[in-house]
Amino acid sequence: MKPAIWLDGSLCDPDSAMVSVFDHGLTVGDGVFETVKATEGRAFALTRHLRRLARSATGLGLPEPDLDEVRRGCEEVLKAHPVAFGRLRITYTGGISPLGSDRGTAGPTVVVALVEAARRPDATAVVTVPWARNERGALTGLKTTSYGENVMALARAREQDATEALFGNTVGALCEGTGSNVFVVLDGQLHTPPLSSGCLAGITRALVLEWVGAKETDLPLDVLYRAEEVFMTSTTRDVQGVHRVDGHTLPGAPGPVTAEALRIFVERAAADIDP
Ligand code: PLP
């Protein structure tokens, strides 16, 4: 099935939807985005995603997005293309800027795309990234379209038959994945790095903290080799166990704590589409 596209205020044909080659999001990565889970024609946790979109946009110095308008875009693509399971991708950029690196004055570009997606398996392999996530950088904590570092790390993971790459930060502490947050079980206790580690304030992470409970703890990156269980959270993975980190195997993944976290998450998410 073709994706459904909403661009700058209206639904459009996916084959002819066009964004300028001078769009600042394309030329210099001056944009922000959200990926939202779509199930049975409904968007999960849309209010939290829209709020984070606004936080990322203003953090990057873009004008505050009109969230009612973006929500309308989401509703229109969901109505046009009511997939059983998919992803909404919201992109909001600095707009057209023909001559250089300053933002243009024509106003931002707003795109909402809805595509079908496959569900992820309960457990997967990950690798660690040999360079550091900067926990004090200007873009830290913002979900911007400047994701080149994540794209490189994920490509390395794929080369090693893994589906995610996990970063340490500049002081060697566990941080996050290219598109996920990470949780570890130590002595039966669930831990996740704090936001000060430089990780994104993941919406799934926040829901697992609220619904399942975990300690926010600074942990060294090599905790991944010692942990009883490791799992990742994200919009596209929900709660996904890890059965291999680099060459190290975690037998029996998803383990009991991960399985319980997944069970609670699925149950609570089914009861409330916009928690
Ligand atoms: N960390 C990064 C860098 C991400 O890009 C994402 C999601 O895309 C996450 C964590 C997980 O966030 P969420 O649970 O909101 O999908």
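Throughout, numbering of the chain's residues begins at 1 and tracks the sequence. Each ligand, and each atom within it, is numbered from 1 in the order the structure gives.
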Distance from [atom] to nearest protein heavy atom, with residue and atom:
atom	result
atom 1 (N) of ligand 1	Glu176 OE1, 2.7 Å
atom 16 (O) of ligand 1	Thr235 OG1, 2.7 Å
atom 11 (C) of ligand 1	Asn181 OD1, 3.6 Å
atom 8 (O) of ligand 1	Lys143 NZ, 2.5 Å

Within the 4.0 Å heavy-atom shell around [X], which atoms of ligand 1 are there?
X	answer
Tyr147	2 (C), 3 (C), 4 (C), 5 (O)
Thr204	13 (P), 14 (O)
Gly202	12 (O), 13 (P), 14 (O), 15 (O)
Gly177	3 (C)

inquiry  = Among Leu26, Ile96, Thr93, Val111, which residue satisfies the side chain to side chain contact (heavy atoms under 4.5 Å, CB included) criterion with Val19?
reply    = Val111
request  = May I ask you to check whether Glu176 and Ser197 show a side-chain donor-acceptor distance below 3.5 Å?
outcome  = no
Donor-acceptor side-chain pairing of Asn181 and Arg237 below 3.5 angstrom =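 On atom types as modelled, these side chains do not qualify, holding no pair under 3.5 Å.
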message = Test of understanding: given a 4.0 Å heavy-atom threshold, classify the contact between Ser180 and ligand 1 as side chain, backbone, both, or neither.
response =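 Within the 4.0 Å criterion, Ser180 contacts ligand 1 through backbone atoms alone.
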query = Heavy atom under 4.0 Å from ligand 1: found in Thr236's side chain, backbone, both, or neither?
reply = neither
message = Apply salt bridge (Lys or Arg N to Asp or Glu O under 4.0 Å) to residues Arg156 and Glu159 and explain how you reach the verdict.
response = CA-CA 5 Å; Arg156 286 179 60 96; Glu159 283 164 15; over 6 Å; no
query = Phe183 ring centre to Arg205 NZ or CZ under 6.0 Å, with the angle to the axis within 45°?
reply = no
inquiry  = Show the nearest heavy-atom pair for residues Gly213 and Leu190, with the distance to one decimal.
reply    = O-CD2, 3.6 Å
key: Inter-residue atom distance Asp218.CG - Cys175.SG, 0.5 Å rounding   = 10.5 Å
ask   = Given Cys175, Ala201, Gly179, which has its nearest heavy atom closest to atom 9 (C) of ligand 1?
value = Gly179
query = Side chains of Ile90 and Phe33: does their closest heavy-atom pair fall under 4.5 Å?
reply =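 They are not in side-chain contact.
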request  = Check whether any heavy atom of Arg52 sits under 4.0 Å from an atom of ligand 1.
outcome  = yes
